[in-house]
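Some notes on the structure that comes next.
Note: hydrogens, waters and symmetry copies are ignored here, and every other heavy atom, side chains too, is used. Counting convention: from 1, in listed order, for ligands and their atoms alike. One is the number of the first residue; the rest follow in order along the sequence.
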Amino acid sequence: MHKLPCLKLLSIFAISALISPAFAQHRHHNNSGTSASNPAASAPWMNTTLSPDRRADMVLQQMTLEEKIDLLHGQGMPGWAGKPMPNANLSNGGAGFVLGVPRLGIPVIQMDDAAYGVRFSARNGRYSTAMPSNLGSAASWDPQAACEYGGVIGRELHAQGYNMSLGGGVDLVRQLRGGRTFEYMGEDPILAGTMVGNRIRCEQAAHVIADIKHYAMNDQESGRNQYDAIIGKRAMQESDLLGFQIGISIGHPGAVMCAYNGVNGDYSCENKYILTDVLKGEWKFPGFVLSDWGGTHSTVKASAAGLDNEEPLDTYYGSKMKEAVQSGAVPMSQVDDHVHRILRSEFAAGIIDNPAQKSVVEVERDLKIALHVEEHSIVLLKNAHNLLPLDPAKIHSIAIIGSHADVGMISGGGSAQVDPPGSTNSAWQSHVWFPPSPLKAVTALASGATVKFDSGSDPAAAATLAGQSDVAIVFVNQWSSEGMDLPNLSLPDNQDALIDQVAAANPRTIVVLETSTAVLMPWIEKVGAVVEAWYAGSDGAPAVANVLFGDVNPSGKLPITFPLTEADQPSPQIVAPPPGAQGRAAVMRTGVAKPTFTVHYTEGLKVGYKWYESENKPVLFPFGFGLSYTTFSYSGLQVEPDATPTVTFTVKNTGDRAGEEIAEVYAGLPASANEPPKRLVGWSKVQLNAGESKQVRIAIPQLYLSIYDEQQPGWKLAPGSYSFMVGGSSESLPLVQKVNLSAAIGTSSGQ
Ligand code: BGC
């Protein structure tokens, strides 16, 4: 670790000497967030009462061109494209890092992937908590749970010496087979944006720069470096972009990661419309845009379009950028804007004032949060004859079957992968199970019942065990990863047949799903209960056991629709790259200027439930659906047609145990708006004891009722009659009230 040579001497120099460009020759860095003793500690920009923008400007004024360019690109990633890392000694071992400006007290930005937990911990001999998958956590519909989720990740990054997170996936789930569905927050922009925004808000409170990704329309992995998503502006604004807009307005992430794919003809990372016109223009995003790894394709075009930082190396934003500035092809004002944005985010997130410091992760605390979030994310999909919760006093024998349930619960692969405790560094795409095992967790609550395990590899043997047991709990999985899409929505590896045979032997069969996304359930009528546990995280098995035995009353609701058949989806098949299409490495090597094949998003803004409802297609389980061990009723809807319409209603727990109900509010817009039948506009999670009622009041932001006008351009409220619908799922909305809203209250800018 290097330090500036004579700090004592420096302290007697005037600040102007300290920040002299001559010091730029000695660009000594250390690899933590900042040096323990900041050489610029008394510099004017270290005044924390100044705004991040002001502080950034003050630093910018002192920087040489070389120092500015250092901030515009990464320094590589171990193993990336076989290229050496020029300053490998400065890496904290994460997915990338950006040099700082030591003489000005600007630290190295140490980034790590952190979709559902901190990646690469084993490589550093450290521990990270795996939270439930992002999609799973969206099933909690709980902004506070999202905040706790982000808090765990932010604190664990900080404790591992990182000051920037690469998480916050929020592309809408348009394509259920998409390999990264588990990294995203579902199919509705308001739910997804709210959840990711709250995650980011609390992640960044731990003094790490948070990012939101992959901007935009990154819905499939097949040909992800080359496909061009074709979609109209209104449809894009009202769907995927709205999720980002809400997430950014709630979470204020310091960074946005642009996606690999193209959008309407230009790669995302050199797409003026999405980066400059919308993100930095309409939404006034003050932070910086970094490219996905290898997602930069040019210097002049990308810079003009609004890309601020190239990752993970300097193919376009290193010496080529310097030449472009010197030749005038890239104006210095553009470089200054890029640098300002990066510095601004560093000050805003507090990574300069509160440098990352390696310390021990608070394992127990974070495990408790992982358990709590998973308990709120589990969705009970079927519970015939109240098979669940299991009563340990009445059950003498339990068969646990399948999915390595004697080992742990499966997790999602790719750059999201978290290393389980005690593992060596997990491979890029390997099946990783997190202990403790469901077998252990169920046994712990089964008070004396005989609990036996069968691997499920021989369905007949599993069925025999099930037939000899009071109940059978079949764990099944659908593993998924970045870099590949699912071939279909069926459970792989003969697991449908396993369920069939077990259920035939014992109708008291409970299926526990460990899935990235929706699955088809040809056996649904034959089983007694179905529990969606998603990728359940570090304490997933105890959370599932707590739900199975009723220590926790399930309250999660689906953030995606489960279709009845694959053919019912807007795009049943993934559009595959044409034969001979190049992979990422080739695209980067040859600098292919444009995306090479198109994926038409023909469903437009009709994502998820909006599609199935518009097309009159019945579904297996609708968006927003989830059962409880108690029941709820709704009454007394009143809507105040104000500038921010307020919806009031009463929810009653009509069963005999305490529970939580996610009460959902949808709006149908006037016919003139030409929208799908309804959209989610609000919800509230209501805790109710048996027999208890509560009045719920939800104010609906005008943006959520508005439509995007391409001509204006901007959001506007269509005047006319709005239907407000309230209930327990997108298909169960017993309360309806119509009110007129006028354009006069609808001059919303969408902010
Ligand atoms: C992924 C990003 C990730 C980056 C760094 C890319 O392949 O698409 O989500 O942050 O790698 O690991």
Which atom pair, heavy atoms only, marks the closest approach of Met164 to Ala255?
CE-CB, 3.6 Å

For Met111 and ligand 1, answer yes if some heavy atom of the residue is under 4.0 Å from a ligand atom, otherwise no.
no

Tell me whether Glu311 reaches ligand 1 (any heavy atom closer than 4.0 angstrom to a ligand atom).
no

Show me which atoms of ligand 1 lie under 4.0 Å from any heavy atom of Lys213.
2 (C), 3 (C), 9 (O), 10 (O)

Note: heavy atom closest to atom 1 (C) of ligand 1, options Met77, Glu482, Arg119, belongs to Glu482

Can a donor-acceptor pair be found between the side chains of Ser165 and Glu203 at a distance below 3.5 Å?
yes

Which heavy atom in Gln478 sits nearest to a heavy atom in Tyr535, and how many Å separate them?
O-OH, 2.6 Å

Which atoms from ligand 1 have a heavy atom of Arg224 less than 4.0 Å away?
7 (O), 8 (O)

By number and element, which atoms of ligand 1 are closer than 4.0 Å to a non-hydrogen atom of Tyr260?
6 (C), 7 (O), 8 (O)

Quick check on contacts: which atoms of ligand 1 are under 4.0 angstrom from a heavy atom of Arg180?
1 (C), 2 (C), 8 (O), 9 (O)

Who passes salt bridge (charged side-chain N to carboxylate O under 4.0 Å, His left out) against Lys320, sequence neighbours left out?
none

Looking only at heavy atoms of Glu183, does any of them come nearer than 4.0 Å to an atom of ligand 1?
no

For Ala95, atoms of ligand 1 separated by under 4.0 Å from a heavy atom:
5 (C), 12 (O)

Lys/Arg N to Asp/Glu carboxylate O, Arg224 vs Glu482, below 4.0 Å:
yes

Note: Arg155-Asp366 ion pair, threshold 4.0 Å (strictly below):
yes

Out of all atoms in ligand 1, which are within 4.0 Å of some heavy atom of His214? Include the element for each.
2 (C), 8 (O), 9 (O)

Any side-chain heavy-atom pair of Tyr601 and Asp219 under 4.5 Å:
yes

